Amino acid sequence: QVQLVESGGGSVQAGGSLRLSCAVSATYSSNCMGWVRQTPGQAREGVAAIYGGGLRTYYADSVKGRFTISQDNANNRVYLQMNSLKPEDTAMYYCAADAPGSTGVSCSAALVRRDFRNWGQGTQVTVSS
């Protein structure tokens, strides 16, 4: 069972930046990692995914140009750099990993369907206006 531990959440004013970090247990290997967010009473929203350690990246339209997903395989971490934050970005952010053997197509689909195989506990991001 993979362990995903998020960190880096917090409170920031609109226009500010945060970088989320996800520590992935070293024994797990997935080609597809992602970030998904959720606010109370709302459906999960796939934010970003990364395939093949950076060969391809996928983003929700709502965050394109503002968020960047990256992966550090040497340190088993996945990052989400969030710039130009807006109050509507306020949510619990979850790190997620798809099953080993994922393809680029299935990684993109996992982001759209929010059906990654493994999930972290989440880190809260709050953006004030």
Side-chain angles (χ1 to χ4, degrees):
Q1 183 72 16
V2 61
Q3 267 198 319
L4 305 172
V5 180
E6 304 93 336
S7 61
S11 297
V12 65
Q13 288 193 322
S17 298
L18 283 173
R19 188 175 82 152
L20 305 184
S21 177
C22 174
V24 184
S25 54
T27 56
Y28 189 79
S29 177
S30 172
N31 287 329
C32 177
M33 302 293 299
W35 289 93
V36 177
R37 66 187 181 188
Q38 187 170 25
T39 54
Q42 301 292 322
R44 290 175 179 174
E45 179 188 14
V47 175
I50 186 166
Y51 168 73
L55 289 176
R56 295 178 187 169
T57 55
Y58 310 95
Y59 296 95
D61 287 343
S62 58
V63 306
K64 278 181 183 176
R66 300 189 298 122
F67 290 11
T68 302
I69 188 170
S70 61
Q71 187 166 358
D72 180 351
N73 290 323
N75 293 301
N76 297 310
R77 286 188 178 270
V78 179
Y79 301 101
L80 184 67
Q81 178 67 44
M82 305 185 295
N83 298 328
S84 302
L85 282 161
K86 304 175 181 180
E88 51 263 43
D89 294 318
T90 295
M92 184 72 78
Y93 283 72
Y94 297 91
C95 179
D98 207 5
S102 297
T103 65
V105 173
S106 64
C107 189
S108 176
L111 181 68
V112 172
R113 294 198 296 257
R114 294 94 63 193
D115 63 354
F116 291 90
R117 181 70 62 87
N118 300 286
W119 298 83
Q121 294 300 306
T123 185
Q124 178 68 37
V125 171
T126 302
V127 184
S128 58
S129 56

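This is a predicted model, so every value here is computed, not measured.
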If we ignore hydrogens and angles and just use 3.5 Å, is the side chain of Glu6 paired with the main-chain N or O of Cys95 as donor and acceptor?
yes
Which pair of heavy atoms, one from Val47 and one from Leu111, lies closest together, and at what distance?
N-CD1, 3.6 Å
Can you tell me how far CE of Met92 sits from CD of Gln124, rounded to the nearest 0.5 angstrom?
5.0 Å
To the nearest 0.5 Å, what is the distance between CD (Gln81) and OG (Ser21)?
11.5 Å
Can you hop from Trp119 to Val78 via hydrophobic side chains spaced under 4.5 Å?
no
Exam field: side chain Ser108 to backbone Val105, donor-acceptor pair closer than 3.5 Å
no
Out of curiosity, does Phe67 fall in the hydrophobic cluster containing Ile69 (side-chain heavy atoms, cut-off under 4.5 Å, transitive links)?
yes
Closest heavy-atom pair, Tyr51 versus Cys107, reported as atoms and distance to 0.1 Å, is CB-SG, 4.0 Å
Straight-line distance of Cys22 SG to Leu4 CG, nearest 0.5 Å:
4.5 Å
CD of Gln121: more than 12 outside heavy atoms within 6.0 angstrom?
no
Give, for atom OG of Ser30 and atom CD1 of Ile50, the distance between the pair rounded to the nearest 0.5 Å.
11.0 Å
Please give me the minimum heavy-atom distance between Val125 and Leu18, naming the atom from each residue.
CG1-CD1, 3.9 Å
Give a yes or no on whether the backbone of Ser106 and the side-chain of Thr103 come within a donor-acceptor separation of less than 3.5 Å.
yes
In short, disulfide bond (SG atoms under 2.5 Å apart) pairs touching residues 45-79 with sequence neighbours left out are none
Salt bridge (Lys or Arg N to Asp or Glu O under 4.0 Å) for Lys64 and Asp61? Distances and angles first, verdict last.
CA-CA 5 Å; Lys64 278 181 183 176; Asp61 287 343; 3.2 Å; yes
Closest heavy-atom pair and its distance - Ser84, Arg66:
O-NH1, 2.9 Å
To the nearest 0.5 Å, atom CZ of Arg56 lies from atom CG of Asn31 at 11.0 Å
On a heavy-atom basis, which atom in Asp98 and which in Phe116 lie closest, and how many Å separate them?
N-CD2, 3.8 Å
How long is the gap from CZ on Arg19 to CG on Leu80, to the nearest 0.5 Å?
10.5 Å
Is a side-chain N or O of Asn75 found less than 3.5 angstrom from the main chain of Arg77, in a donor-acceptor match?
no
Could you walk me through whether Glu45 and Ser62 pass the side chain to side chain donor-acceptor pair (under 3.5 Å) check?
CA-CA 10 Å; Glu45 179 188 14; Ser62 58; 2.8 Å; yes
Path from Val2 to Leu20 over hydrophobic side-chain contacts below 4.5 Å
yes
Treating Tyr58 as the side-chain partner and Gly104 as the backbone partner, does any N or O pair qualify as donor plus acceptor under 3.5 Å?
yes
On the six-membered ring of Tyr94, is Arg37 placed so that its NZ or CZ lies under 6.0 angstrom from the centre and within 45° of the ring axis?
no
Quick check against the 3.5 Å criterion: does Thr126 have a side-chain atom that pairs as donor or acceptor with the backbone of Thr90?
no
Cluster question for you: counting only ILVMFWY and a side-chain heavy-atom cut-off of under 4.5 Å, with indirect links fine, are Tyr93 and Tyr59 together?
yes
For Ala97 and Met33 the tightest heavy-atom approach is CB-SD, 3.5 Å
Does CD belonging to Gln3 count more than 12 external heavy atoms closer than 6.0 Å?
no
Side chain to side chain donor-acceptor pair (under 3.5 Å), that's the test. Do Asn83 and Ser17 meet it? Break it down for me.
CA-CA 4 Å; Asn83 298 328; Ser17 298; 2.9 Å; yes
